[in-house]
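First the structure, in the form of structure tokens, and then the observations on it.
These values consider heavy atoms only, across backbone and side chains, with no hydrogens, waters or symmetry-generated copies. In what follows, chains are A, B, ... by sequence order, proteins preceding strands, each numbered from 1.
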There are 2 protein chains.
Amino acid sequence: MQGKKENIDETDRKILNILLKDANTSYVDIAKRIHVSPGTVHVRMKRLVRIGLVKKAFLNVDYNKLGYDICAFLGIHLENSSFYSQVIDALYHIPEVVNAHYTTGNYSIFVRIICRDTEHLREVLHEKIQEIDGVQRTETFISLEESIHRTISLESREEV
Amino acid sequence: MQGKKENIDETDRKILNILLKDANTSYVDIAKRIHVSPGTVHVRMKRLVRIGLVKKAFLNVDYNKLGYDICAFLGIHLENSSFYSQVIDALYHIPEVVNAHYTTGNYSIFVRIICRDTEHLREVLHEKIQEIDGVQRTETFISLEESIHRTISLESREEV
DNA sequence: GTTGAAAAATTCCGCCG
DNA sequence: CGGCGGAATTTTTCAAC
């Protein structure tokens with residue numbers, strides 16, 4: 001288990017809240033907004049990266065404008081849960097799969113894929129995902145619109 | 001409809017592929033890797049931002065280390081689809097909701113939420129989401145592990 | 001698309017509370 | 001020790017070619 005809580009103080013939390021909204025905010029800007037020096041922002045961030053709390057940033061692009069018109073969710077039923085790691089491994093080799101979650105509930109694996117068009121989606125579903133050993137059946141939900149896309153805001157709590 | 005395809009050439013695609021993997025890569029670095037000048041990377045990116053293809057960057061943080069232990073997916077069944085926009089509006093005011101998709105298939109709205117613990121999840125579900133007018137019922141899938149998290153790579157195709 | 005110079009940001013180090 | 005300020009380095013930005 002690698003994900004245990006870390007000691008984060010109010011300054012760290014303020015810095016993260018600004019960067020969670022826009023990861024391109026400069027340290028100088030952040031420093032001004034929370035009334036510390038740019039050097040302090042720098043050392044705080046360096047520590048947060050070192051302890052693995054902050055990983056790299058992702059660019060948010062308009063996939064439609066890149067010719068990727070379809071975003072779909074797949075619920076994947078496994079024949080039994082022992083297939084989990086080998087199915088994840090197979091999914092990892094399919095570039096259209098951008099997220100995969102091991103979940104409770106009706107499905108065992110929940111996946112998000114990005115495809116160019118319906119033909120591309122059909123190909124990924126039938127020729128790639130349903131061919132994976134251990135996959136029993138899948139249910140597909142096509143996203144017609146992503147209405148909300150954001151990150152959480154950290155509450156200012158007295159202790160973390 | 002705002003998401004129509006744009007003309008992207010091979011240079012744009014190379015730049016995007018690097019930034020999609022790590023949004024913090026400096027333009028100088030990118031320039032070296034694709035053998036153009038930093039100025040070129042700059043003007044290309046400026047255009048991509050202007051046409052709305054590139055939006056802001058998101059920081060990737062370890063929510064567990066911030067004390068948020070639960071990531072869950074909700075399938076929300078609406079009483080009928082005319083409730084869509086008012087339900088999205090209500091969801092927007094719930095900070096725990098980080099993504100919401102309008103989907104085909106069994107659900108009408110598909111949502112991802114981030115919560116501190118099971119009690120927090122219960123509170124969000126019962127006191128916030130199921131209270132929304134137009135929400136018939138919800139199904140919850142708790143993510144036990146996010147095994148894959150990445151972005152697509154742009155293929156080098158002859159035309160876009 | 002490139003170059004080169006100005007402006008800005010990052011990064012590091014010695015100093016102070 | 002953690003935070004501050006300034007100096008050196010690097011990057012971003014923009015004009016002219």
Check: Under 4.5 Å between any side-chain heavy atoms of Lys55(B) and Val61(A), yes or no?
Finding: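 SC-SC contact between Lys55(B) and Val61(A) ruled out.
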
Note to self: Are the side chains of Lys21(A) and Thr151(A) in contact, using a 4.5 Å heavy-atom criterion?
What the structure shows: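 They are not in contact (no side-chain heavy atoms under 4.5 Å apart), so the answer is no.
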
Checklist line | Set of residues satisfying side chain to side chain contact (heavy atoms under 4.5 Å, CB included) with respect to Ser37(B), sequence neighbours excluded | finding: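 In terms of side chain to side chain contact (heavy atoms under 4.5 Å, CB included), with neighbours along the sequence ignored, Ser37(B) is linked to Thr40(B).
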
Next item on the list: Could you identify which residues of residues 25-33 of chain A place a heavy atom less than 4.0 Å from some atom of DNA chain C, listed by residue number, or say none?
Entry: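 Within residues 25-33 of chain A, the residues near DNA chain C are Ser26(A), Tyr27(A), Val28(A).
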
Next item on the list: Identify, residue by residue, the members of residues 42-53 of chain B with a heavy atom below 4.0 Å from DNA chain C, and return them in order of residue number, or none.
Entry: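 Those residues are Arg44(B).
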
Checklist line | Partner residues of Arg150(A) under the salt bridge (charged side-chain N to carboxylate O under 4.0 Å, His left out) criterion, sequence neighbours left out | finding: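 Arg150(A): no salt bridge (charged side-chain N to carboxylate O under 4.0 Å, His left out) contacts found.
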
Next item on the list: Could you list the residues that satisfy salt bridge (charged side-chain N to carboxylate O under 4.0 Å, His left out) with Asp9(B), not counting sequence neighbours?
Entry: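 In terms of salt bridge (charged side-chain N to carboxylate O under 4.0 Å, His left out), with neighbours along the sequence ignored, Asp9(B) is linked to Arg44(B).
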
Notebook entry, point to check: When you measure from the side chain of Ser37(B), which nucleotide among dT12(D), dG1(C), dT2(C) comes out closest?
Noted result: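 Looking only at heavy atoms from C-beta outward on Ser37(B), the closest nucleotide is dT2(C).
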
Note to self: Minimum heavy-atom separation for Arg13(B) and Ile8(B), please, with both atom names.
What the structure shows: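 In terms of heavy atoms, the two residues are closest at NH2-O, 3.2 Å.
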
Margin query: Five pairs per end, C1' atoms only: what is the angle between the end axes of the helix from dG1(C)-dC17(D) to dG17(C)-dC1(D), to 10 degrees?
Written below: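 Rounded value for the end-axis angle: 30°.
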
Margin query: Rounding to an integer number of Å, can you tell me how far Ile34(A) CD1 sits from dG3(D) P?
Written below: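 After rounding, the reported distance stands at 10 Å.
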
Next item on the list: Fit a plane to each ring of Phe58(A) and His149(B), take the angle between them on a 0 to 90° scale, and name the class: parallel (under 30°), tilted (30 to 60°) or perpendicular (over 60°).
Entry: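 Phe58(A) and His149(B): parallel rings.
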
Item checked: Plane angle bin for His77(A) and Tyr107(A) - parallel if under 30°, tilted between 30 and 60°, otherwise perpendicular ->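 The arrangement is perpendicular - the two ring planes meet at more than 60°.
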
Note to self: Quick check for you: to the nearest 0.5 Å, what is the distance between Glu123(B) atom CD and Asp117(B) atom CG?
What the structure shows: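 One gets 9.0 Å once the value is rounded to the nearest 0.5 Å.
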
Check: Do you know which of Ile113(B), Val111(B), Asn99(B) makes side-chain contact (heavy atoms from CB on, under 4.5 Å) with Leu91(B)?
Finding: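 Between Leu91(B) and the candidates, side-chain contact (heavy atoms from CB on, under 4.5 Å) is satisfied uniquely by Val111(B).
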
